[in-house]
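A note on names: the letters A, B, ... follow the listed sequences, proteins ahead of strands, and every chain is numbered from 1. The shown structure was predicted, so the numbers you read here are calculated from the model rather than taken from an experiment.
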Amino acid sequence: MKRNLQLYNSLKREKETFVPLHETHVGMYVCGPTVYSDVHLGNCRTFMSFDIIYRYLMYCGYKVRYVRNITDVGHLLDDGEDRILKGARLQQLEPMEVVQKYTNGFHDMMRLFNTLEPSIEPRATGHIVEQIELVQQIIDNGYGYEINGSVYFDTPKFAAQTGEYGKLSGRVIEELVSESRDNLKNQDEKRHPSDFAIWMKAAPEHIMKWNSPWSVGFPGWHLECSAMSTKYLGSQFDIHGGGNDLKFPHHENEIAQNVSSCGCQPARFWLHTNMLLLNGKKMSKSDGNSISPVELITGDSEHISKAYSPMVVKFFMLQAHYSAPLDLSDEGLLAAEKGFKRLMEAIKSLNKLTSTATTGNLDNELKAIADGALTEMDDDFSTPKALAKLFELVPKINSLADGKISINEVSSEAIMYIQKIVNDLVFNVFGLKDEQDGQNSAVDGLMELILNIRQKARENKDWGTSDQIRDGLKAAGIVVKDSKEGSAWVYE
RNA sequence: GGUCUCGUGGCCGAGCGGCUAGGCAGAGGUCUGCAAAACCUUCCACAGCGGUUCGAAUCCGCUCGAGACCUCCA
């Protein structure tokens, strides 16, 4: 299915028509987590966003290779300590135990949010050889220099000769006063404050270190993405994504490394997701304005009144565009929860509809709404607008389901057409799932029996029994919904 | 301090010069044994002040406010 996709390209600062390098294949690289502690909720938003982008590209018929790395070395803290090593020290674990622990936790969380696994999930420590080769290429091409066993990227030279530095982040090198941590520590070594380390000589007590032509040391943080994207997607690929706080310095430096080693821009489209705020403010553990994914789904946080299911959280996030800041709040989640249920109920009803009509005068209107949802997705993956379209369908579906609109107004062909689009979009592209599902048939059978008994009582105008059943079920967390066609039930 | 983004109704969030966003909440109604659900109708807006335009939430300027990046963070 060939669709006309428009993507906002951060590099160009405008929307562009998406044309992949190879007609049928798409290569996409997304900066993954640094696995030194539990995954951040904002991080989850980013990966959910790219999961939907991944899924939609596949829905459009592309074969997508989605590479999302695991950073397990080289990402340093303010004091110059490696994030992984700090985690290891604090928890008295082997560095790789830390990596494994939080990688597992990250995967568990991604699974809860029903995201697909990437095609390749490479680790930085598994690609030391490639990173050393990349450093060598950069040196060979004259953009890297070694001092005392560490290798630095010559940013001013690169900027002057290529004019490529600062394009993504909109920075001018003269204005940059770099304080990147590895540089703070070795301030004297660098020729220019904006130079950054691509290979760091390790102190004797440093645990994670490897042999290299320059020293026993470890790679700079920005290096891994350059090396791994090139290895798995080629020196040029279609989409590079990440959170917008990575634009500088990480992505800017990544581009510099790629351009200086192979002479070409790595990605044609740069996509950046925006921040997740809590109650209008940036999440920050230090001032208490923070909530973790686990707290959100267990309800164990002062910021929320109850537990929210992962799908509700996901639905909430879908209501905002990935490139806009999103403000998380209890009220917002509550609203999302109701909206999500309503949508799920409507889809259930939709999937039960059957018509024998061969033509219907609502056909065009309904099909146009469904098509519209896809058109919105074509426009930079606008999930909020696509959802709005689906919600336009909800009253129509409900009216058809309860007979307020005759089913003969819609042809069987149109119903199947709409069912296909709605189900594909909601379940395959958005990756939502109906949490009411998955009940065992025992419960279904039981409920059918109970509701039949209640129906008999109602027919006999035995309101006492009828209400007793209804109230009892309510107390058990099950809501009975009566309609002309009979009674349905749903978990509260 | 520098770079940039944004300020939409009770809440969340679309909107990219003229035409309904949507969700939640509120109000009225239909249906119903009652209730819930569902359906129908409906109230509430574009931070402020100027400017451009036949016409601005949408473009420009200023003011106020918020946020991001510049320093690890998605």
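- Here B:A38 is the nucleotide among B:G13, B:A38, B:A74 with the atom lying nearest to any side-chain atom of A:Asp402.
- For B:A74, its base never sits under 3.5 Å from the side chain of A:Asn274 at any donor and acceptor pair.
- B:G26 and B:U32 have their C1' atoms separated by 23 Å, with the value rounded to a whole Å.
- Along RNA chain B, the nucleotide nearest A:Asp245 and the nucleotide nearest A:Ser466 are compared for position; the residue whose nucleotide lies closer to the 5' end is A:Ser466.
- Here B:G1 sits opposite B:C70 as a Watson-Crick or G-U wobble pair (both hydrogen-bonding atom distances under 3.5 Å).
- The pairing partner recorded for B:C39 is B:G29, the criterion being a Watson-Crick or G-U wobble arrangement whose two distances lie under 3.5 angstrom.
- Spacing between atom CG of A:Leu390 and atom C1' of B:A21 amounts to 13 Å, rounded to whole angstrom units.
- Rounding to whole angstrom units, CG of residue A:Leu326 and C1' of B:C12 are separated by 8 Å.
- Using a 5.5 Å limit on the distance between ring centres and a 30° limit on the angle between planes, the aromatic ring of A:Trp463 counts as stacked on the six-membered base ring of B:G33.
- For the C1' atom pair drawn from B:A21 and B:C44, the interatomic distance equals 16 Å after rounding to whole Å.
- Comment: A:Lys456 does not engage A:Glu459 in a salt bridge, judged by the lack of any side-chain N to carboxylate O separation of less than 4.0 angstrom.
- Aromatic ring pairs are classed by plane angle as parallel below 30°, tilted from 30° to 60° and perpendicular above 60°; the pair A:Phe153 and A:Phe196 is parallel.
- Backbone-only contact: A:Gly339 has heavy atoms under 4.0 Å from sugar-phosphate atoms and none from a base.
- Considering only side-chain N and O atoms, A:Asn398 lies nowhere under 4.0 angstrom from the phosphate OP1 or OP2 of B:A38.
- In a base pair of the Watson-Crick type (N1 to N3 plus N6-O4 or O6-N4) or a G-U wobble (N1-O2 and O6-N3), with each distance short of 3.5 Å, B:U52 is matched with no nucleotide.
- As rounded to the nearest Å, B:A74 and B:G18 have P atoms that lie 39 Å from one another.
- The separation of B:C64 from B:G29, taken at their C1' atoms, amounts to 44 Å, rounded to a whole angstrom.
- For A:Ala388, taking side-chain heavy atoms from C-beta onward, the closest of the listed nucleotides B:G22, B:A38, B:A74 is B:G22.
- The side chain of A:Asp327 sits closest to B:C12 out of B:C39, B:C12, B:G33.
- Listed nucleotides: B:C73, B:C16, B:A14. Nearest to the side chain of A:Lys15: B:C16.
- Residue A:Phe248 contributes atom CZ, which lies 17 Å from atom C1' of B:A74 at whole-angstrom precision.
- Here A:Phe47 and A:Phe113 keep their ring centres 6.0 angstrom or further from each other.
- Ring-plane geometry between A:Tyr29 and A:Phe237 is classed as tilted, the angle between the planes lying from 30 to 60 degrees on a 0 to 90 degree scale.
- In summary, A:Lys15 and A:Asp380 do not engage in a salt bridge, as defined by a charged side-chain N under 4.0 Å from a carboxylate O.
- Judged by closest nucleotide on RNA chain B, A:Asp467 is the one of A:Asp467 and A:Ser399 placed further toward the 5' end.
- Distance noted for atom P between B:A66 and B:U8: 13 Å (whole Å).
- Going from atom CG of A:Leu277 over to atom P of B:C11 covers 16 Å, rounded to whole Å.
- Put simply, the side chain of A:Arg470 and the base of B:C34 share a donor and an acceptor less than 3.5 Å apart.
- Each of B:C73, B:A35, B:C12 was ranked by its minimum atom distance to the side chain of A:Asp482; first place goes to B:A35.
- Nucleotides B:C12 and B:G51 are separated by 33 Å at their C1' atoms, to the nearest Å.
- Closest to the side chain of A:Lys338, from the set B:A14, B:C24, B:C73, is B:C24.
- B:A56 and B:C16 are spaced 12 Å apart, taking the C1' atom of each and rounding to whole Å.
- B:A74 atom C1' lies 14 Å from atom CH2 of A:Trp270, rounded to whole Å.
- Nucleotide B:U20 has no partner under the Watson-Crick or G-U criteria, as no pair reaches both atom distances under 3.5 Å.
- A straight line from CG of A:Leu246 to P of B:A68 spans 15 Å, rounded to a whole angstrom.
- Proximity note for A:Phe391 (side chain, C-beta onward) versus B:A14, B:G33, B:G23: the nearest is B:G23.
- The residue A:Ala336 sits apart from the nucleic acid: no heavy atom pair falls under 4.0 Å.
- We find that A:Glu392 and A:Lys389 are joined by a salt bridge, their nearest charged nitrogen and carboxylate oxygen being less than 4.0 Å apart.
- For A:Ser329, whose side chain is taken as the heavy atoms from C-beta onward, the closest listed nucleotide among B:C12, B:C70, B:A14 is B:C12.
- Going from atom NZ of A:Lys385 over to atom C1' of B:A14 covers 7 Å, rounded to whole Å.
- The one candidate from A:Asp482, A:Asp467, A:Thr465 that meets the side chain to side chain donor-acceptor pair (under 3.5 Å) condition with A:Arg454 is A:Asp482.
- The CG-P distance, from A:Leu393 to B:U20, rounds to 19 Å in whole Å.
- At a threshold of 4.0 angstrom between heavy atoms, the contacts of A:His272 with the nucleic acid are absent.
- Side-chain nitrogen and oxygen atoms of A:Arg342 include at least one within less than 4.0 Å of the OP1 or OP2 phosphate oxygen of B:C24.
- Using a 4.0 Å cut-off, no side-chain N or O of A:Lys481 falls inside it from OP1 or OP2 of B:A38.
- Taking atom C1' on both nucleotides, B:G55 is separated from B:C4 by 31 Å, rounded to a whole Å.
- The partner of B:C34, taking Watson-Crick or G-U wobble pairs whose two distances both stay under 3.5 Å, does not exist in any strand shown.
- A perpendicular orientation is assigned to the rings of A:Phe381 and A:Tyr56, their planes being inclined by more than 60° (bins at 30° and 60°).
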